[in-house]
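Working notes for the structure below.
Letters go in sequence order (proteins before strands), and every chain restarts at 1.
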Protein chains: 4
Amino acid sequence: MLTKQEQRSEETKRSILLAAGRLFAGRGYDVVTMREIAKEAGCSHTTIYIYFKDKEALLQHLSLPPLQTLASRMDALLGSSGVPEEKLKNVSLAFIEFCLANRNMYGLFFNVKSVRVDEQAPELEINKVRNRLFGKLTEALQTCLRLEREDERLLMCSRIYFFTLHGIVSTYTFSEESVDQLMGRLTPTFLAAFEVQLDGLKAMISSNKNGVERG
Amino acid sequence: MLTKQEQRSEETKRSILLAAGRLFAGRGYDVVTMREIAKEAGCSHTTIYIYFKDKEALLQHLSLPPLQTLASRMDALLGSSGVPEEKLKNVSLAFIEFCLANRNMYGLFFNVKSVRVDEQAPELEINKVRNRLFGKLTEALQTCLRLEREDERLLMCSRIYFFTLHGIVSTYTFSEESVDQLMGRLTPTFLAAFEVQLDGLKAMISSNKNGVERG
Amino acid sequence: MLTKQEQRSEETKRSILLAAGRLFAGRGYDVVTMREIAKEAGCSHTTIYIYFKDKEALLQHLSLPPLQTLASRMDALLGSSGVPEEKLKNVSLAFIEFCLANRNMYGLFFNVKSVRVDEQAPELEINKVRNRLFGKLTEALQTCLRLEREDERLLMCSRIYFFTLHGIVSTYTFSEESVDQLMGRLTPTFLAAFEVQLDGLKAMISSNKNGVERG
Amino acid sequence: MLTKQEQRSEETKRSILLAAGRLFAGRGYDVVTMREIAKEAGCSHTTIYIYFKDKEALLQHLSLPPLQTLASRMDALLGSSGVPEEKLKNVSLAFIEFCLANRNMYGLFFNVKSVRVDEQAPELEINKVRNRLFGKLTEALQTCLRLEREDERLLMCSRIYFFTLHGIVSTYTFSEESVDQLMGRLTPTFLAAFEVQLDGLKAMISSNKNGVERG
DNA sequence: GATGAATGAGCCTTCATTCAT
DNA sequence: AATGAATGAAGGCTCATTCAT
């Protein structure tokens, strides 16, 4: 059990993370100042340094946990019963919803640049989770397309599929609407996009040309 | 005719724009300093202020022309002879290449937030060009899908198509590779993506369900 | 008799003073932080403020006792049996050793500037001890030179003698070596310096010219 | 010839160096802030960065030239005609006067710590000049004492002599009096001190014991 | 008595921008 | 037209100090 003081402390830390997350993504890591974060979090800028070594540490702490949550959720969806196409849709939707929910954080997760490459340990951790995420989606896609795991065409297919996912997220990253509003309004569009995508990929697979280098 | 002085003046201004363009695109607007631009342009940093009100004015002046160039190029591609599918591919590729070439600037063009909304006039101009751009792409798509301009399904199709374009650009926005490297390496993938997209959309159209809400 | 609580309290206070003394002397007053002192003392940094008004108060409390210890030691040395020359040497050596041991603190004791002049009481106290110290040395010197206490030549002699003492201390104030290392290595040099000094002063006294202005 | 602007610039630079010199020494390098220096110099703190890369560069620029000036002056005195004793006195007096004139800077010249050891080039330069200085004094002393350059006793003698010089300077470093006041008032004392010193050293040399380890 | 939480003041430094020439 | 000089605002960060428990 936590004392009242520890509770407040935890709350402060959370509000800092929340504020930093919002701001970093909304306006970019470099551009956001510690003082801005503090103001948004409702504390002094020095307080941030009690909880985080420096600005970069804030970024690090911000990056990992949400991704892990998403990974779990995707695991659950993939483990459920249902036809592969349904699973792919659900997983894709979950991914989109997550990214929109964490909105501008999105850049933080997938833009390698924003995390310094010096210290490998944490960096590796993020990359690991990220790769696991992409792996899951690729796996779902593979099942739908009925390709072997080693089929060279799978890489291109997943790349193309990711373009669309990434594009959806990017398109609405800076929207003023809430995630709920967006999902409510656009879920049909997203589902259609997934379907278009899958149909198109299936067509490509079934045709002779695979787009890589075979004649 | 320009006097010698006016020529030199014009030259200075051009070299400043050139330098700023190079640097903004190469390292990002926020990160580049006025002194850097001046050094690259071969003049004093104070000279920049003779030609441009401030750093942001530099950005404004820089934003429009490339977009217009792109618009012209897309016009040319669309006006050329050839099957619609080929045209769509070429126009899409041109769009992608442009966005990757202007990389960090990309956000500036399409992310409404990053351009101050205070002064509407230039903002409007950019928006106009931007909309013209999207219009061209939609038009190409419409021809391929053989839809009427007013067909309600066109909106969804173009949305989905844009998701992919946007996604491609976003994916490589922060890559360290040059445009040429990226295009050299990934053009086949991009073309495949366009094709997949188009095939999928065609399939959707030809099926009864249009993904919106009709029964 | 002290209650257990009072004992603990006293202990904490002592450990703070000990830690502060070590750190101030070792790395300099300005550079040492309250948190460092607290860590070294094994308590929270806020605890320090229970016992001492502020960082400077810590310094004040720290300054006096060692000086008094030195004064006592010099008294003991002067009171012992032995030829005056031997006593002067011993007292001088004790003085040097003390100053080097308290190294960075040295400035604090003798450089009037570094102690705030606002609150006179403690300042005065330090000055009193300091003057007593110099008095003892002068006295030892006087005995060696066989001068009357009022002899005007004594002032110049003691001044000159102090130059050397002060010079020795200054020379090694910023050395990285420990007191023990320094004393071990340089004691013969110091003793030689004292002797040279005394011989030179004796020569001056015995000559007609006293260096001031008498003919 | 300098333009008016260049003159002002030079003046600003000088006033910054002057202010920094005064403050660094008066209150210590670490403790003095750039804003203090700026205020004392009568300019904005950012102006300092126009002339000096950073705080440490200021220190570097401050250290070398005066020392070189002193070195030249000592050379001149040593090269002049006169008995060795007279030369030693003059050189010693010049040294003292210089140190008092540059007052608190003194610490900067001789306290190795204050100059970062990272970059060796400038550091070396200072050390070279400093060593040359001490070399000159030692040389003058050697002539007076009629010792061979290699005589092991010379080292100790020069050390002892330096103690006094260093002590004189240290004693008056924080005095409020001007160098002229001090020299006017105390020159006789200083001369007496040199003489006492020399007499004492001569006595030591002429006796059997040299203070090191011989019996 | 003791402590973790929190903060304001302040430090060095950089940058866009203006002023005087 | 062009420039060197100069500056205010701001940024990341640290530290002595206070407050509430």
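- If you take NZ of K39(B) and P of dG4(F), they are 12 Å apart, rounded to a whole angstrom.
- Among all heavy-atom pairs drawn from T47(D) and T12(D), the shortest one is CG2-CG2, 4.0 Å.
- Remark: nothing in residues 8-16 of chain D comes within less than 4.0 Å of DNA chain E through any heavy atom.
- Here salt bridge (charged side-chain N to carboxylate O under 4.0 Å, His left out) pairs that include residues 41-54 of chain A, with residues two or more places apart or in two chains, number zero.
- Residues satisfying the side-chain hydrogen bond (donor to acceptor under 3.5 Å, both in side chains) criterion with Y51(D), sequence neighbours excluded, are S9(D).
- Rounded to whole Å, atom P of dC12(E) lies 13 Å from atom CG of L59(D).
- Listed by chain and residue number, K13(C), I16(C), L17(C), I48(C), A57(C), L58(C), H61(C) satisfy the side chain to side chain contact (heavy atoms under 4.5 Å, CB included) test with F52(C) (two or more places apart in sequence, or in another chain).
- The residue among C43(C) and C43(A) whose nearest nucleotide of DNA chain E lies closer to the 5′ end is C43(C).
- Rounded to the nearest 0.5 Å, atoms CZ (R8(A)) and CD (E11(A)) are 7.5 Å apart.
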What does nucleotides 14-21 of chain E look like as a protein-contact string, B for base, S for sugar-phosphate only, - for none, at under 4.0 angstrom between heavy atoms? BBBBB--S

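- Each of S44(C) and Y51(A) was assigned the nucleotide of DNA chain E with the nearest heavy atom; the assignment lying further toward the 5' end belongs to S44(C).
- Under a cutoff of 6.0 Å and an axis angle of 45°, K55(D) and Y49(D) do not form a cation-pi pair.
- I48(D) has its CD1 atom 12 Å from the P atom of dA6(F), to the nearest Å.
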Given the rule that a pair is Watson-Crick or G-U wobble with both distances under 3.5 Å, how would you write DNA chain F in dot-bracket, using | for pairs to a different strand? .||||||||||||||||||||

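- In this structure, I37(C) CD1 and S15(C) OG are separated by 11.5 Å, a value rounded to the nearest 0.5 Å.
- For residues 35-50 of chain D, the pairs satisfying salt bridge (charged side-chain N to carboxylate O under 4.0 Å, His left out) are R22(D)-E40(D), R27(D)-E36(D), with sequence neighbours left out.
- For T46(C), the side-chain hydrogen bond (donor to acceptor under 3.5 Å, both in side chains) test picks out S44(C), with sequence neighbours left out.
- Atom-to-atom, CD of E6(A) to P of dT3(E) comes out at 15 Å; the value is rounded to the nearest Å.
- Distance CD1 (I37(D)) to C1' (dT13(E)): 13 Å, rounded to an integer number of Å.
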